[in-house]
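Take a look at the structure below.
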Amino acid sequence: MTLFRRLMIAPLAIGVLAGSAAGAFAGDSYFSRVATLPVYTTLAKGVDPATETVAEIVTATKDGMTLVHTDSPGEALVFIDIADPAAPKGLGRTALGGEPTSVTVVGGYALAAVNTSRSFTQPSGHVAVVDIATRRIVARCDVGGQPDAVAASPDGRYLAVAVENERDEKLNDGALPQLPPGHLSILDLGTDGMPANCAAARTVAMTGLAAIAPEDPEPEFVSVNSRNVAVVTLQENNHIVLVDLTTGAIVTHFPAGTVSLSGIPTDKKKRVDGTGSLSDVPREPDAVVWIDDNRFVTANEGDWKGGSRGFTVWNAKGHVLHDSGADMEHLGMAHGHYPAKRASKKGVEPEGVAFGVYGGAPLLFVNSERGNFVAVYKDKGAASTPEFVQFLPTGVGPEGLLAIPQRDLFVVATEADSAEDGVRATVGIYQRGAALPSYPTLVSQTDPATGAPIGWGAQSGLVADRTDANRFHSVSDSFYDTARIFTIDASGAPARIVSYVDLKGGKQKSYDLEGIAHNSRGGFWVVSEGNPEKEMANLLLWVDADGTVAKEIPLPESIAAAATRFGFEGVAEYKDGDTVKVIVAVQREWKDDPKGMVKLAIYTPAKDHWTFVHYPLEKPAAGAWVGLSEITHLGGNDFAVLERDNQGGPKAALKAVYRISLDGITPAEAGQPLPVVKKTRMLDLLPHLTAGNGWTADKPEGFAVTVDGQMVAVTDNDGVDDATGETLFLRLGPVGAVVTN
């Protein structure tokens, strides 16, 4: 357990949140992630692990010991043993002969919706009935179209199937109507869960209900309460329908309405700021879940024209009891999980919802498909606002959520998967019982200029204050269109971004900030990584405290000409005798470097002069590369260098800090043979990066040592772009206490 986890306290209220989480959740316990299972590990022996696999919708057996999830590209159901939730094990797969879109369990059977459509105009599908004990298909029940979601009634008597007959988004810009219409199918279940009317499912037509394309309803999701009333979302139609499953009669229906939002990111540029607003956005709800027999919740993802970026609590009469407004957007911003590339579209995109009563605490779970998080709220009753209690990080693209309150478990299925990009679909398992939450480790305060949280992410460099052990400065890289320096207050936990300045006045069009250090003459030294393909130079920047670029310092032309796109990464100022010098770490070998050797560039401001040494890299594993991410002054001529591979998840092998010294080293001029520094391993970061039981971060990018000798590191979350979005602000203990190995 890391020092940070021992010191962690509940997160304070952020933006629109009322009261601290600790106060709101006093007497209760929190969820901790206990396992993350990559879906590709459930493939049969001999199958290429790079094969695309996903986890979309997840369910469990009644005892909560076995998970069942859909794998759409694999056309299979996947079974997972979670008797020990911290050590999930694949039990096997069932081939379905079509694309599974949803699954639930009744008795000894898994009931899976399977899409077998030949085309958008010829939709077809069925419910596959799979014996869980043998994992064999024992029946297929035609539902008259392309099924998208299934839900069983709590008493096990009925299975409601939302048959969407989805539209072709490429046809006429996806505009409705696109026939044939969708409907709701009902299967009557026997006491063992086997459908009794498999050959002739009951059909509930939903045409003529919605104001939007009434001739083309497209049911998206369904949930059933204890009175056997199904609530069905018609996402593209922006409509909600309630159906009595016993009779097949429509109880009521109503439009989902619109929401206006303010203080949110809406710019097409890659920025995270609360300066935007939206008016009268259709909710277009996706997932839905009953809280009780009179209230349900929708996740308003949007699909065609809308998406209000939040969730709504309704009563059975169609009255809005609560709408979250910009809450989910602000959670993403404050926690560094905001998907800036989606700001002009649907923002964090809440897609899934789940509900469960844990030890008497009624909890609502809402996921963000693009921000890769789940927000946990405590239901306070129909007359009260749900109370935010915890922020849970997930894998990339969370889709299905599952509450297993009888075992104090919560499960998240994620569907983004690309072995080539290092992103793999996962099943994340969380267990309730922690006295304090272990995440977040870094959040932001409200930006006085907008009233929304300070937007941040992609933390690529870190420096500790020279006098205050609880104060740090960090930079974010070129994922964002604005180069920014942040101020962090780490006096409490989580640490807090309290202010920032944007870089201004520079000659280069844009900067890719990768390292920061204090300048003894005032302000900061900041390095900007170059990229010859984008005509960006590797630059050492002298930046005033207000963000003004006072000086841009390039490398000698002979050295710069050999650069690749892996350039300046870290920077530190030190004194060589009475002479102030600045040392810069280059990430990887350049064209003029021997294999396995990377430059450390040393700049003398008084002489405006560069010299160089070589640093020996560790040998990378097959298919990986190794490079430097940070350099930090330890005192005298000693430095800490953060070296890492480019692998995340189970493939992460090298994330370490090494000590080097320039004592006895004479740096060489450009073009001369470079002396090689010796290094000693100070610290293995992998145990700290894996302690949260998530997808191991591939980019620890910042490392700092405080004035009282404490080591701190921060990870780069890549702006939540093909990455989980998790940022770890790690308290690593005193330098002197580290055992070298």
Side-chain angles (χ1 to χ4, degrees), residues 14-17 235-236 238 256-287 297-312 322-353 365-375 377 388 391-394 396-399 401 414-416 443-444 446-447 450-458 479-482 717-727:
I14 301 166
V16 299
L17 306 178
Q235 187 171 15
E236 290 86 346
N238 198 38
T258 63
V259 176
S260 295
L261 302 168
S262 61
I264 62 171
T266 57
D267 202 317
K268 287 187 177 181
K269 294 182 178 180
K270 289 185 291 183
R271 291 196 301 225
V272 181
D273 57 40
T275 59
S277 62
L278 296 169
S279 298
D280 301 322
V281 181
R283 287 189 172 94
E284 291 190 352
D286 186 347
V297 181
T298 58
N300 306 321
E301 178 205 20
D303 195 347
W304 181 23
K305 293 184 176 180
S308 62
R309 310 187 182 203
F311 64 91
T312 305
H322 170 73
D323 191 275
S324 66
D327 285 21
M328 294 285 287
E329 293 277 286
H330 287 185
L331 281 172
M333 295 170 68
H335 290 77
H337 279 249
Y338 196 84
K341 283 187 175 181
R342 305 289 298 180
S344 64
K345 297 180 180 179
K346 293 179 286 184
V348 296
E349 290 192 39
E351 182 168 12
V353 287
F365 305 85
V366 187
N367 78 352
S368 163
E369 180 186 11
R370 302 290 180 170
N372 304 331
F373 67 86
V374 172
Y377 292 83
F388 172 74
F391 184 102
L392 299 176
T394 72
V396 181
E399 179 83 11
L401 308 181
T414 70
E415 62 176 349
V443 296
S444 66
T446 298
D447 186 345
T450 64
I454 296 170
W456 63 278
F479 177 82
Y480 302 106
D481 289 337
T482 302
N717 72 356
D718 280 332
V720 208
D721 186 35
D722 285 338
T724 66
E726 291 186 45
T727 296

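Not measured: the values here are computed from a predicted model.
Using a distance-only test at 3.5 Å, with no hydrogens or angles considered, a donor-acceptor pair links the side chain of Asn367 to the main chain of Gly352. Although no hydrogens or angles enter the test, the distance criterion places no donor-acceptor pair under 3.5 Å between the side chain of Glu301 and the main chain of Gly307. For the pair Asn300 (side chain) and Ser308 (backbone), a donor-acceptor distance under 3.5 Å is absent. Distance alone, capped at 3.5 Å, places no donor-acceptor pair between the Asp447 side chain and the Ile454 backbone. Side-chain N or O atoms of His330 include none that pairs as donor or acceptor with a backbone N or O of Ala452 at under 3.5 Å. In this structure, His337 contributes its side chain and Gly725 its backbone to a donor-acceptor pair below 3.5 Å. Remark: side-chain polar atoms of Glu284 are paired, donor with acceptor, to backbone N or O of Asp303 under 3.5 angstrom.
Thr450 and Asp273 share no donor-acceptor pair across their side chains, judged by distance under 3.5 Å alone. Between the side chains of Asp323 and Thr312, at least one donor N or O sits under 3.5 Å from an acceptor N or O.
The shortest non-hydrogen separation linking Thr724 to Val396 is N-CG2, 3.7 Å. Residues Gly310 and Pro350 approach most closely at N-CG, 3.5 Å, considering heavy atoms. Taking every heavy atom of both residues into account, Ser368 and Val348 meet most closely at OG-O, 2.7 Å. Nearest heavy atom pair, residue Val272 against residue Ala340, reads CG2-CB, 3.9 Å. When every heavy atom of Phe388 is checked against every heavy atom of Ala375, the shortest pair comes out as CE1-CB, 4.3 Å.
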Legend entry - Trace of the side chain to side chain contact (heavy atoms under 4.5 Å, CB included) decision for Asp286 with Thr298: CA-CA 7 Å; Asp286 186 347; Thr298 58; over 6 Å; no
Inset, instruction - For side chain to side chain contact (heavy atoms under 4.5 Å, CB included), just list the numbers for Thr258 and Val281, CA-CA rounded to whole Å, side-chain angles, deciding distance to a tenth of an Å, and then say yes or no. - result: CA-CA 5 Å; Thr258 63; Val281 181; 5.7 Å; no
Legend entry - Test side chain to side chain contact (heavy atoms under 4.5 Å, CB included) applied to Thr727 and Trp456, step by step: CA-CA 10 Å; Thr727 296; Trp456 63 278; 3.5 Å; yes
Inset, instruction - Dump the intermediate steps for side chain to side chain contact (heavy atoms under 4.5 Å, CB included) on Glu726 and Asn717, then the final yes or no. - result: CA-CA 6 Å; Glu726 291 186 45; Asn717 72 356; 5.9 Å; no
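Remark: Trp304 CH2 to Asn238 CG distance equals 10.5 Å, nearest 0.5 Å. Distance check, rounded to the nearest 0.5 Å: CZ of Arg370 to NZ of Lys345 gives 8.0 Å. In this structure, OH in Tyr338 is found 7.5 Å from CE in Met333, a value given to the nearest 0.5 Å. For the atom pair Phe479 CZ and Asp721 CG, the distance stands at 4.5 Å (nearest 0.5 Å). Residue Lys346 holds its NZ atom at 13.0 Å from CG of Leu278, rounded to the nearest 0.5 Å. Between the NZ atom in Lys341 and the NZ atom in Lys268 there is a gap of 15.0 Å [rounded to 0.5 Å].
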Atom pairs and distances, side-chain donor-acceptor, residues 259-267, under 3.5 Å, sequence neighbours left out:
| unit_1 | atom_1 | unit_2 | atom_2 | d |
| --- | --- | --- | --- | --- |
| Ser260 | OG | Asp280 | N | 3.0 |
| Asp267 | OD1 | Lys269 | N | 2.9 |
| Asp267 | OD2 | Arg271 | NH2 | 2.5 |

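Salt-bridge annotation for Arg309 and Glu349: absent, with no side-chain N of the basic residue lying under 4.0 Å from a carboxylate O of the acidic one.
Of the residues listed (Phe373, Tyr377, Phe365), the one engaging Phe391 in a ring pair (Phe, Tyr, Trp, His ring centres under 6.0 Å) is Phe373, and it is the only one.
Using a 4.5 Å cut-off on side-chain heavy atoms (C-beta onward), Leu401 and Val374 make contact.
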